[in-house]
Trainee: 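I'd like to ask some things about the structure below.
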Amino acid sequence: MDIMKQTVRNEGFFALYKGILLSKRPYFAFKLTTIPTAFEFSKRQFSQKYDAELPVWALLASASTGGLRATPPSGTPVQYIAHEIKTIIQESGVTGLFRGLSPSLLRSIPAAASTFAAFELTREYLEKATGV
């Protein structure tokens, strides 16, 4: 916690997030190209059947294509993760597994809170709109 306070005091709050953009570059490239394409494709498929006015469930189904993820570069996901963990421990030791945890938590906790809030609001809306 002390290192976090020192970082904020010396470099400002946004220094906690320094380097995130560079480390997430491949993910952003995937997210900004593939996911919108999948969303538009599924929306077009639904609109062929339901015309221009899509039902709410069709929009939600199209939006759910945002949950698609890329397959890891080699092997199964478990093999890929095991290889990455082994590499990190060899290069940085066990403490390398926890490097960057504080900024990640500072980013992830508000993101999870907003996701749950959006889920609850959507669920309540759909319950009122459809009665289900």
Trainee: Could you list the donor-acceptor pairs under 3.5 angstrom formed by side chains in residues 109-123, with sequence neighbours left out?
Mentor:
unit_1 : atom_1 : unit_2 : atom_2 : d
Ser114 : OG     : Pro110 : O      : 3.3
Ser114 : OG     : Ala111 : O      : 2.9
Thr115 : OG1    : Ala111 : O      : 2.8
Glu120 : OE1    : Arg123 : NE     : 3.4
Glu120 : OE1    : Arg123 : NH2    : 2.6
Thr122 : OG1    : Ala118 : O      : 2.8

Trainee: Which residues pass the ring-ring contact (aromatic ring centres under 6.0 Å, His included) test with Tyr125, not counting sequence neighbours?
Mentor: none
Trainee: List the atom pairs, with distances to 0.1 Å, where a side-chain N or O of residues 81-92 and a protein N or O form a donor-acceptor pair under 3.5 Å, not counting sequence neighbours.
Mentor:
unit_1 : atom_1 : unit_2 : atom_2 : d
Thr87  : OG1    : His83  : O      : 2.8

